[in-house]
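Written below as structure tokens is the structure these notes are about.
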Amino acid sequence: MDFVAGAIGGVCGVAVGYPLDTVKVRIQTESRYMGIWHCVWDTYRRERLWGFYRGLSLPVCTVSLVSSVSFGTYRHCLVYVCRFRYGSADAKPAKTDVTLSGFASGLVRVFLTSPTEVAKVRLQTQTQTQMQTQTQRQQRRPSASGPSAAPPLRPAPPVSPEPGPKYRGPLHCLATVAREEGLLGLYRGSSALLLRDGHSFATYFLSYALLCDWLTPTGHSQPGVLGVLVAGGCAGVLAWAVATPMDVIKSRLQADGQGQRRYRGLLHCVVTSVREEGPRVLFKGLTLNCCRAFPVNMVVFVAYEAVLRLTRGLLT
């Protein structure tokens, strides 16, 4: 039931947090935005509400599987660790046990999330790439009003329309990336994703366990709904606080497949980004990540705990 509860919680979370995730990715990968509200306004002005949901269909289809694996792996690792260390799966785990199980959960999910993250980032940043390409083409066109411009001898041919978007949707994006860049292209940025998810999920589950212990009323074994809301929201904020630097690098590596390559690998991306934009670049989107993480993970953990309690009640 941990797998089922995790799947339901994950779907609820992505429905709440996806628009802010789009804004976060654009801020991290494009330096022309001066802040969160500039990115929000520019996205709405150019693409209306649909712009905030680019690439949503694939995460919705896959997030249930990914979240299911995350929560299921965490719980099963915790059971095995308790059984190995204390001789019983029902023994109260130590904080080290929770941390190790959370770390394992983060590592396992990378193998499932990397292709969907590549497609999501490419679709979320596609409009920016098209705009830059069109601007470069306009700059390369000779000016008809310059001193050396000669009058045309014949009518100019009709201007061909600008090409459409490279990726028509998530599945087309995955197929295009696999065809042009090979299967390894679907795992571009996975090294940064491993570094991001490993320690962030360790922080995520450890902070949730600690906060639940603190918020559990005396004489009860679990916190109430309000306690779960607060613990889940705070756990999400803390997890993203430690994950944001590698999240920035991950987004840049995954968006780098469009057009000319800039980064040769994770370390080169870190060095180049810091050299060009300063150390603060590693914390781009931190405020947005934290603001998004609180309501998203409130919903995730409330749904997760509600499903578990409902099934326990039905089974007993």
Close side-chain approach of L100 and C77, heavy atoms under 4.5 Å: no
Mutual orientation of the aromatic rings belonging to Y74 and F205 [parallel < 30°, tilted 30-60°, perpendicular > 60°]: parallel
Test log, rule side chain to side chain contact (heavy atoms under 4.5 Å, CB included), inputs L183 and L186: CA-CA 6 Å; L183 292 178; L186 298 176; 4.2 Å; yes
N/O donor-acceptor pair under 3.5 Å between S105 side chain and S101 backbone: no
Crowding at NE2, H199 (>12 non-hydrogen neighbours, <6.0 Å): yes
Rounded distance (nearest 0.5 Å) linking atom OG of S200 with atom CG of L193: 9.0 Å
Heavy atoms of other groups near F111 CZ, more than 12 under 6.0 Å: no
From OG (S190) to CG (L195), nearest 0.5 Å: 10.0 Å
Option passing side chain to side chain contact (heavy atoms under 4.5 Å, CB included) with R252 (candidates L266, D247, V281): V281
Close side-chain approach of Y263 to I249, heavy-atom, < 4.5 Å: no
Residues D97 and K92 bridged, charged N to O under 4.0 Å: no
Same apolar cluster: F283 and V248, side chain cutoff 4.5 Å: no
Point-to-point distance, once rounded to the nearest 0.5 Å, from CG of L78 to OG1 of T73: 12.0 Å
Donor-acceptor side-chain pairing of T272 and R262 below 3.5 angstrom: no
Single-linkage hydrophobic cluster V299~L229, side-chain heavy atoms < 4.5 angstrom: yes
V23 side chain reached by P19 side chain, heavy atoms, under 4.5 Å: no
D42 (side chain) donor-acceptor with H38 (main chain) under 3.5 angstrom: no
Side chain to side chain contact (heavy atoms under 4.5 Å, CB included) assessment of D213 paired with K95: CA-CA 11 Å; D213 285 344; K95 300 304 179 281; 3.7 Å; yes
Close side-chain approach of K250 and L194, heavy atoms under 4.5 Å: no
Hydrophobic cluster identity match, Y304 and V225, side-chain contacts under 4.5 Å: yes
Heavy-atom side-chain proximity of L282 to V274 below 4.5 angstrom: yes
Side-chain heavy-atom pair V300, F71 within 4.5 angstrom cut-off: yes
Within the 6.0 Å centroid threshold, strictly below: Y208 and F301: yes
Check: Y204 main-chain N/O paired with S207 side-chain donor or acceptor under 3.5 Å: yes
R45 atom CZ, over 12 foreign heavy atoms within 6.0 Å: yes
Which atom of Y86 lies closest to which atom of A91, heavy atoms considered: CB-CB, 3.7 Å
Pairwise side-chain contact, Y187 with V118, heavy-atom cut-off 4.5 Å (strictly under): no
Y44-W37 co-clustered via ILVMFWY side chain contacts under 4.5 Å: yes
ILVMFWY cluster, L226 and L211 together (side-chain gap under 4.5 Å): no
Check: S88 and R83 side chains under 4.5 Å, non-hydrogen atoms: no
Working for side chain to side chain contact (heavy atoms under 4.5 Å, CB included), residues L107 and D197: CA-CA 6 Å; L107 294 183; D197 284 356; over 6 Å; no
Passing option when V177 is tested against R188, Q254, R122 for side chain to side chain contact (heavy atoms under 4.5 Å, CB included): R122
